[in-house]
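Working notes, beginning with the structure itself.
Numbers here are sequence positions counted from 1.
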Amino acid sequence: MTEERPASCPEGTPTAHEHGGSSSDAVSMSGPQDASSPQRGGDLPPAPRSQDASSSQRGGVPVSMSGPQYASSPQRGGDLPPEAVAAVSPERHLEPNVVSLWGLVSQSMAGMAPTCDVVAFMTAGAAFALVALPLSYLAAFVLMFIEVNTLYHLSKHRGSAGGYYSYVSAGLGPRAALVTALMVIFYQLISVAGVPVYVAGVFLPALATSYLGIALPSWFWVVMILFFIGVPWLLSVLGIRPTVKTLVWTSGLEIVFLIVASAIIIGRSPLHAPLHPFDLAAVGVKGVALGMIFAITSFIGIGSHAPLGEEAKGVRTQQGRLIGKAAVLSLTLVGAALTISAYALTVGWGQTKMASFARSPAPGVTVFLHYLGPVGAVALVVLAINSALMDDLALMTSTARVLYAVGRDKLLQTSFAVVNGRRAPARAVSAVAALATVVAISAGLWLGPARAFDMLTTAVLFGLVTAHTLMNVSLMRLSARERRATHILFHLVLPVLAVGLFWSVLYESTIPLVFPLAWAAVLWAAVLGASIAWAWHAASPQRLVSEVGHYLGTRPDPTEVLGAPPAPAAGSGSGAGTGYCSADPLRSAEQCARSECSANAQANRATP
């Protein structure tokens with residue numbers, strides 16, 4: 001089948017198929033030999049093989065780059081400093097080709113902590129949504145499905161440790177990318193702190209008092225926070241392999257348990273008005289929106305697998321596609337399980353009695369005990385504790401890799417980019433764990449565990465909405481030059497709808513600001529202001545041009561590190577120092593061969 005040549009491409013410009021690739025491989029046309037090299041008479045050569053897709057005999061380093069000529073090459077300007085050679089050493093990077101599709105799905109599901117949501121977020125959300133709790137979760141599920149469209153399309157061609165950071169860099173440039181990274185670090189770190197505060201400070205003490213008749217000491221929750229953050233820290237520094245193996249088993253077990261248990265509870269409950277929990281008029285828009293604070297936060301980990309892009313299995317050009325597929329699969333499984341669970345708790349407790357649900361010490365356990373007996377109740381408690389641990393493990397793993405990517409770009413402390421013997425960013429992991437511990441204990445002592453959890457959860461929502469707004473704007477800007485009408489729905493309509501719904505829910509649920517939720521807005525505003533100020537300074541065009549090592553979330557290309565100096569990452573919309581075409585995942589190979597793109601590539605990359 002003959003490929004249609006775009007009208008804007010001059011005759012003789014090779015198409016993607018003429019290069020032996022597809023239109024989705026635009027990112028691979030940004031190698032140092034691309035553009036219109038005089039030696040090649042204007043033709044675009046095939047893209048060089050990625051260092052991660054190379055022969056395993058050399059541990060992930062391309063055969064063509066393992067010789068001594070890359071330590072001292074007259075064609076490359078003579079001897080290179082040791083740090084330049086070390087920059088592409090496989091021991092200095094995350095371990096590639098480790099995480100499978102289901103490993104990514106498990107990481108994402110663990111970040112959403114479904115069983116912990118049942119005992120924590122649903123209890124808090126029921127205080128506002130009441131009988132409409134299932135509607136709040138269904139609405140949040142639909143909203144996140146609209147939002148996952150953006151993650152799917154932005155990640156298709158960009159598998160990196162930066163995650164959202166690298167996606168936004170492609171469309172909005174380095175400053176917006178750094179703000180996005182700091183917002184992701186903010187809301188994921190706050191979530192790492194918030195879940196242990198509730199489980200250790202509210203859920204377990206109430207459980208011990210109500211069912212065991214034991215009054216736990218007032219300092220118990222502080223010790224348990226160290227446990228809930230310490231165990232994930234240990235697994236994280238041991239490397240990605242034990243982390244993924246643990247998540248694969250536990251995440252799947254949680255989903256199966258929740259769906260089966262909820263189905264049994266629904267089947268045994270008296271259903272006088274089965275659709276009443278989905279009636280908006282039952283509590284009004286305000287009640288449903290307030291319930292959605294906790295429902296949306298239940299899905300916070302939907303993108304926690306994105307920073308594992310450099311460790312995903314498969315050739316480099318397909319790693320990003322795995323990210324999108326994993327997001328769809330994990331959201332479908334967790335969204336279905338949580339919506340069914342919210343409905344089961346509502347009808348199991350009693351639709352007319354939901355006002356007392358949130359005031360109960362452990363309502364989820366009460367419902368499971370009533371319909372499933374002691375075995376079901378104990379299973380829920382055990383899996384909830386495990387879910388809290390796995391949630392912190394997944395978010396800590398994700399946050400540390402974003403820190404690693406930003407540190408690698410020299411936009412934060414460069415020690416965050418150091419990996420240990422197990423190829424884990426141990427210093428970044430330790431920093432996340434330490435900060436989360438400080439936040440959890442400080443907030444708990446200040447407001448008390450219950451109010452602290454509400455405040456931290458609301459702060460998470462502020463940060464999440466900010467980061468995802470930048471993601472959606474990035475997708476819209478990247479698709480602005482697309483001519484095909486089929487992209488309008490996925491690259492414009494759905495992103496605009498997602499942004500509008502996010503901010504509408506945030507407004508309805510927080511305005512007017514009340515204590516303690518008002519402190520969440522203050523905390524978010526302070527962090528956002530500091531992030532913008534730092535991004536304006538650290539990611540300035542002058543600094544990115546003058547310094548080497550800025551790749552904005554993507555792993556350095558050895559041909560850049562060992563060859564010609566990397567291109568400046570600054571400029572409007574030109575992505576990560578790899579040329580606009582390579583940074584734009586929506587432009588096909590033949591579109592990148594257009595003269596304007598060739599000009600960008602020549603201006604942004606020196607020919608070796």
Side-chain angles (χ1 to χ4, degrees), residues 27 50-53 60 87-99 103-104 107-108 111 151 154-155 157-170 174 177-178 180-185 188-189 236-237 239-241 243-244 301 303-314 316-324 326-327 394-420 422-429 431-432 467 471 549-558 561 569 575-578 583 585:
V27 71
S50 167
Q51 63 268 33
D52 282 342
V88 294
S89 172
E91 289 76 17
R92 296 289 299 272
H93 298 288
L94 302 171
E95 186 175 6
N97 207 36
V98 174
V99 186
L104 295 171
Q107 162 79 14
S108 180
L151 174 59
L154 281 178
S155 66
H157 302 277
R158 298 182 72 85
S160 76
Y164 295 0
Y165 166 56
S166 62
Y167 307 156
V168 174
S169 74
L178 184 54
T180 302
L182 295 175
M183 281 289 100
V184 171
I185 293 168
Q188 290 194 160
L189 188 148
S236 294
V237 298
I240 194 63
R241 292 179 183 271
T243 296
V244 171
S304 63
H305 65 296
L308 271 60
E310 292 181 19
E311 296 157 285
K313 288 184 178 180
R316 190 69 175 271
T317 57
Q318 294 298 315
Q319 287 172 335
R321 295 182 182 273
L322 292 181
I323 300 297
L395 294 181
M396 196 177 295
T397 299
S398 174
T399 309
R401 277 151 180 77
V402 178
L403 266 178
Y404 164 88
V406 179
R408 183 174 61 188
D409 291 338
K410 302 179 183 178
L411 299 178
L412 282 179
Q413 181 65 33
T414 55
S415 62
F416 291 145
V418 176
V419 298
N420 61 12
R422 293 179 176 269
R423 310 284 287 278
R427 295 183 183 179
V429 171
V432 172
M471 284 261 291
H550 296 289
Y551 300 89
L552 292 191
T554 58
R555 180 170 173 175
D557 184 349
V561 176
T578 54

Of all the heavy-atom pairs spanning V402 and G162, show the shortest one and how long it is. CG2-O, 4.0 Å

Please determine if E311 and R423 form a salt bridge, counting it only when a charged side-chain N lies under 4.0 Å from a carboxylate O. no

Check the pair Q413 / R427 against side-chain contact (heavy atoms from CB on, under 4.5 Å), numbers first and verdict last. CA-CA 10 Å; Q413 181 65 33; R427 295 183 183 179; over 6 Å; no

Of all heavy-atom pairs linking S304 and G111, the shortest is OG-CA, 4.0 Å

Checking side-chain contact (heavy atoms from CB on, under 4.5 Å) for the pair R422/R241: CA distance, chi angles, key distance, verdict? CA-CA 9 Å; R422 293 179 176 269; R241 292 179 183 271; over 6 Å; no

So does E310 pair up with R401, basic N to acidic O under 4.0 Å? no

Will you find, in the side chains of T397 and Q107, an N or O donor that is under 3.5 Å from an N or O acceptor? no

dist L403:CG -> S415:OG (nearest 0.5 Å) comes out at 9.5 Å

Could you go through the side-chain contact (heavy atoms from CB on, under 4.5 Å) check for L395 and V432 one step at a time? CA-CA 10 Å; L395 294 181; V432 172; over 6 Å; no

Mind checking side-chain contact (heavy atoms from CB on, under 4.5 Å) for V244 and listing every partner two or more places apart, or none if nothing turns up? V99, I240, V248

Atom CG of L412 and atom CD1 of I185: how far apart are they, to the nearest 0.5 Å? 6.0 Å

Would you check if Y404 and V419 make a side-chain contact, meaning some heavy-atom pair closer than 4.5 Å? yes

Over all heavy atoms of both residues, which pair between K313 and V98 is shortest? Give the atoms and the distance, please. CE-O, 3.3 Å

Distance-minimising heavy-atom pair for P307 and S398: CG-OG, 3.3 Å

Are any of the side-chain heavy atoms of Y167 and S155 separated by less than 4.5 Å? yes

Could you pull out the closest heavy-atom pair between S236 and V429, with the gap in Å? CB-CG1, 3.5 Å

Once rounded to the nearest 0.5 Å, what's the spacing between atom OG1 of T414 and atom CG of D409? 11.5 Å

L178 CG to M183 CE distance, which is reported to the nearest 0.5 Å: 10.5 Å

Separation between CG (L411) and OH (Y165), nearest 0.5 Å, reads 4.5 Å

Distance check, rounded to the nearest 0.5 Å: M471 atom CE versus L151 atom CG? 5.0 Å

Over all heavy atoms of both residues, which pair between S166 and S169 is shortest? Give the atoms and the distance, please. O-OG, 2.6 Å

What pairs with A326 under side-chain contact (heavy atoms from CB on, under 4.5 Å), at least two apart in sequence or on another chain? L101, L104, V105, H305

